[in-house]
There are 2 protein chains.
Amino acid sequence: MPMNTTEQIRALINRLARLDAAETWEADLNPAQIAALEYLARANRFSRAPSHVAEFLGTTRGTMSQTLKSLVRKGYLTERRSENDRRSITYDLTVPGVALADRRGVLLGAIGVLPDREQQHLCERLSQILTARLAANGGRAFGICKTCAHHRATGDGAYCALLSLPLTPEETTQLCHEQVTA
Amino acid sequence: MPMNTTEQIRALINRLARLDAAETWEADLNPAQIAALEYLARANRFSRAPSHVAEFLGTTRGTMSQTLKSLVRKGYLTERRSENDRRSITYDLTVPGVALADRRGVLLGAIGVLPDREQQHLCERLSQILTARLAANGGRAFGICKTCAHHRATGDGAYCALLSLPLTPEETTQLCHEQVTA
DNA sequence: GTCGATAGCATCGAGTCGAAACTATTGCAA
DNA sequence: TTGCAATAGTTTCGACTCGATGCTATCGAC
């Protein structure tokens with residue numbers, strides 16, 4: 001029974017991710033650890049708690065708790081308890097953590113074979129699929145801050161209307177767990 | 001530091017695969033087991049040995065050996081020693097195995113939001129990336145039999161010029177570890 | 001017949017996986 | 001103010017994957 005296009009796309013996505021994950025072992029981290037580290041490298045300060053990483057990657061808080069603890073032991077993360085809510089914890093990347101998150105693999109080179117226009121197009125299509133996938137069972141999008149309905153541009157920086165907090169220019173390019181596409 | 005398009009594509013591929021994998025646990029199989037089962041469901045009779053599955057999924061023979069044994073224990077596969085080469089083993093799907101490989105998840109539905117033309121386009125782009133990725137470190141393509149340089153169409157069925165063996169029509173639509181794009 | 005290459009397997013320690021039970025904190029409401 | 005449910009994170013459990021290493025059986029070329 002030959003596969004239809006839809007199934008082929010799913011198979012390609014899974015195989016590419018699997019091959020990319022296999023590279024990961026070159027460092028002293030496994031795929032789950034790299035995935036968590038890369039998320040934390042791109043998330044803003046409101047979105048770096050264990051429950052956020054767990055939701056982003058489709059796993060449980062318990063599992064993510066272990067993964068994050070092991071990254072702390074290896075020196076790639078530090079944990080910081082919140083002042084306001086003493087239950088919550090935020091993880092920050094250390095200098096080696098940032099270096100590792102910026103590491104690039106063979107897959108990036110392979111994506112580079114496509115011309116810029118095609119990359120742009122591909123990126124949009126995959127985003128559409130992700131949005132549909134998340135909508136199917138109420139997942140959050142974790143989109144970029146400045147594309148959010150709560151984002152307000154001010155003179156110099158920006159402002160979050162949901163959290164009533166000022167934002168630095170850098171923060172507006174990061175991922176946020178509260179993001180709602182405008 | 002904002003991500004460029006290339007990095008975004010990689011991140012999207014990994015996140016989609018991860019979310020798809022999370023669904024997998026609804027059955028009594030984990031992502032690695034499902035991936036192996038789905039490969040075996042699509043591979044031809046020359047490409048269903050542990051070393052083939054391992055190469056396809058970018059893992060080692062040792063690890064794959066364990067995964068396949070556990071699928072046998074669960075009743076989704078049967079193993080069969082080769083007549084010609086007594087070292088080699090071929091795995092076949094049982095009836096429950098076929099049923100499980102055909103199971104469809106939320107991701108397929110999400111891919112379905114794209115119109116057919118876009119799916120076709122997306123499929124080609126991802127294939128290009130995969131080809132480039134494999135070329136980067138000498139991996140095999142595991143392409144479809146009838147697109148192979150060794151494929152010869154005959155009157156009724158077909159013929160493999162590499163293995164000097166006749167092929168059924170069905171076999172020419174399956175994956176082959178020897179495939180070389182014509 | 002020897003010997004290297006190949007195919008698969010067993011074992012090891014670290015770590016992931018979900019599930020479930022647990023602690024500490026928060027916030028709401030009677 | 002007390003009570004209680006919701007929330008955030010952790011711990012423990014058993015099954016399993018991960019790569020690495022070393023092992024056996026078989027094959028094939030010389």
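Just so it is clear, the values below take in all heavy atoms, side chains as well, and ignore hydrogens, waters and symmetry mates. It should be emphasised that the depicted structure is a prediction, and the values quoted were computed from it without experimental measurement. Just so we're on the same page: letters track the sequence lines, and every chain starts at 1.
- Protein atom CZ of R87(A) is 8 Å distant from nucleotide atom C1' of dG27(C), rounded to whole Å.
- Of the candidate nucleotides dC16(D), dC17(C), dG9(D), dC17(C) has the atom lying nearest to any side-chain atom of T63(A).
- Nearest to the side chain of Q33(A), among dC27(D), dG15(C), dG19(D), sits dG15(C).
- Nearest to the side-chain atoms of T67(A) among the listed nucleotides dC17(C), dT10(D), dT17(D) stands dC17(C).
- Nearest nucleotide to the side chain of P50(A), out of dG19(D), dT10(D), dC17(C): dT10(D).
- The shortest distance between the side-chain N/O atoms of T60(A) and the OP1/OP2 oxygens of dA19(C) is not below 4.0 Å.
- Here dA7(C) is the nucleotide among dG9(D), dA7(C), dC17(C) with the atom lying nearest to any side-chain atom of S88(B).
- Between dG8(C) and S51(B), a contact under 4.0 Å exists linking OP1 or OP2 to a side-chain N or O.
- If R18(A) and E79(A) are placed on DNA chain D by their nearest nucleotide, the residue sitting closer to the 5' end is E79(A).
- Out of dT16(C), dT11(D), dC27(D), the shortest distance to the side chain of K69(A) is found at dT11(D).
- Of the listed nucleotides (dT16(C), dT25(C), dT10(D)), dT25(C) has the atom at the smallest distance from the side chain of D85(A).
- At distances below 3.5 Å, at least one donor-acceptor pair connects side-chain atoms of E7(A) with backbone N or O atoms of N4(A).
- Contact check, S70(A) against dT16(C): a side-chain N or O comes under 4.0 Å of OP1 or OP2.
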